[in-house]
Amino acid sequence: MTDLLSVDAARDAILARVRPLGTEDVPLDEALGRVAARDVIAAHDVPPFPNSAMDGFAVFAGPADRRLRIVGESRAGTPAEVPLGPDEAIRISTGAAMPERAEAVVMVERTTTNDDGTVTVHVASESGDNVRGAGEDLRGGTVAVAAGTVLGPAAVGVAATAGTASVPCARRPRVALLATGDELVPVGQPLPPGGIHDSNAVALAGYIARAGGTVVSRTRVADTADATRAAVESALSDADVLISTGGVSVGEHDHVKDAFLAAGVEEVFWRVALRPGKPTWFGTRGDQLVLGLPGNPVSAMVTFLLFARPALLALQGAPAILPRERAVLTVAVQRNAQRDEMIRVTLDGDRATPTGSQGSHVLTSMLAADALALVPRGAGELPAGAQVSVERL
Ligand code: AMP
Ligand code: MG
């Protein structure tokens with residue numbers, strides 16, 4: 001037992017075999033959640049031109065209580081047609097281009113317009129007052145969004161303002177999902193005696209989408225050697241990653257490992273010193289990654305998060321592993337003698353509290369979880385107040 005791979009060693013073995021996927025140009029509208037394959041370079045300064053930070057009047061720098069002739073207007077999108085002269089003011093809106101030669105903006109609240117077409121400015125202005133300089137946000141030619149960034153709404157917004165319409169992104173990993181088990185019934189169908197709903201496929205499809213992958217096939221297969229082989233072969237015909245659940249342990253009806261080998265998948269490891277998730281299997285066929293996850297729903301989710309998610313991120317060139325954080329257990333936790341345990345916890349600041357029963361069949365233990373906490377194998381219990389390292393979900 002003690003020679004089982006540690007979680008970290010298993011993960012390293014997987015990441016060492018990841019060959020990043022090619023890239024494709026993705027329009028910004030479709031880029032949410034994608035990973036930038038190259039730096040996005042600002043095509044121009046942002047803002048592109050000096051403009052007003054206020055509604056008011058563009059003026060020369062000068063003392064308070066000047067009376068200036070209004071000679072035009074600069075609106076957002078429609079710059080003034082005339083340059084500013086001394087003793088003149090140009091009405092200006094927020095975001096409108098600074099008129100030629102204008103040095104400052106006086107906010108409208110600090111002015112009084114007069115009936116004779118003049119404006120009295122009540123405050124002194126220094127050059128640059130209420131003016132946003134060109135390139136204050138981003139200089140043209142500099143990095144607006146760095147390669148490897150998972151593009152969120154802010155990143156696509158920055159790319160847009162920097163003059164980019166599409167971003168070269170890693171191709172989405174194509175993932176085939178295979179749920180094994182005679183007992184599995186699709187969601188929405190009544191349960192026969194002994195049947196359970198296939199929840200793994202639904203949960204993992206969600207996690208896959210979150211990790212930037214596309215589920216290209218979703219298959220349920222009965223516990224026979226022939227059916228499992230055929231399903232594995234077919235799933236591998238068009239996928240970067242195959243993820244199966246169930247049938248990977250030592251039971252008489254577990255055919256997944258043999259089916260992988262029969263399909264030409266080379267085993268890298270089987271079994272990890274982990275609870276839940278000991279029977280996890282990993283192998284490769286060329287650049288294809290094949291993960292046999294255990295069937296217990298919690299085991300399937302935990303092993304997905306520990307092993308499959310980093311692989312999907314690494315395929316896209318994104319940082320694969322979140323930094324582990326330190327937390328303090330609020331209650332004592334029994335340790336497992338042989339296997340490191342990943343318990344589901346809620347986090348309150350750095351205080352980690354297990355989410356109730358930690359049985360690998362207790363799916364609701366995942367529901368409230370903020371993080372997985374690593375309880376290292378060993379004797380006895382880890383007392384309340386002990387430090388653990390946690391990985392946020
Ligand atoms: P196995 O790893 O095939 O021995 O399955 C372990 C446990 O997980 C059994 O109780 C199965 O019924 C359950 N299980 C397997 N696959 C699924 C699935 N797709 N959805 C929900 N439960 C499953
Ligand atoms: Mg099974």
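We count ligands from 1, going down the list as the structure has it; atoms in each ligand are counted the same way.
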Heavy atom of [X], distance to ligand 1 below 4.0 Å:
X: Thr180; result: yes
X: Pro297; result: yes
X: Ser199; result: yes
X: His197; result: yes

*Contact atoms of ligand 1, heavy-atom distance to Ile196 under 4.0 Å*: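 Near Ile196, the atoms of ligand 1 are 12 (O), 21 (C), 22 (N), 23 (C).
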*Glu183 heavy atoms, cut-off 4.0 Å: which ligand 1 atoms fall inside?*
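That gives atoms 11 (C), 12 (O), 15 (C) of ligand 1.
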*Given salt bridge (charged side-chain N to carboxylate O under 4.0 Å, His left out), test Arg392 with Glu325 step by step and report yes or no.*
CA-CA 8 Å; Arg392 282 181 190 274; Glu325 296 168 36; 3.0 Å; yes
Inter-residue atom distance [X].[atom1] - [Y].[atom2], 0.5 Å rounding:
X: Ile90; Y: Phe57; atom1: CD1; atom2: CZ; answer: 11.0 Å
X: Asp240; Y: Gln288; atom1: CG; atom2: CD; answer: 7.5 Å
X: Ser127; Y: Glu103; atom1: OG; atom2: CD; answer: 4.5 Å

With a 4.5 Å limit on heavy-atom distance, are the side chains of [X] and [Y] in contact?
X: Trp281; Y: Leu293; value: no
X: Thr303; Y: Leu291; value: no
X: Val390; Y: Arg324; value: no
X: Thr245; Y: Leu204; value: yes

Any nitrogen or oxygen of [X] lying under 3.5 Å from a nitrogen or oxygen in ligand 1? Just yes or no.
X: Gly295; value: yes
X: Gly247; value: yes
X: Asn200; value: yes

*With backbone taken as N, CA, C and O and side chain as the heavy atoms from C-beta onward, which portion of Leu184 lies under 4.0 Å from ligand 1: side chain, backbone, both, or neither?*
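For Leu184, only side-chain atoms sit under 4.0 Å from ligand 1.
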_Quick test: of every protein heavy atom, which one is nearest to atom 10 (O) of ligand 1, and how far off is it to 0.1 Å?_
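For atom 10 (O) of ligand 1, the nearest protein heavy atom comes out as Asn296 OD1, 4.2 Å.
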*Among all protein heavy atoms, pick the one closest to atom 19 (N) of ligand 1 and tell me residue, atom and distance.*
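In this structure, atom 19 (N) of ligand 1 has Asp198 OD1, 2.8 Å as its nearest protein heavy atom.
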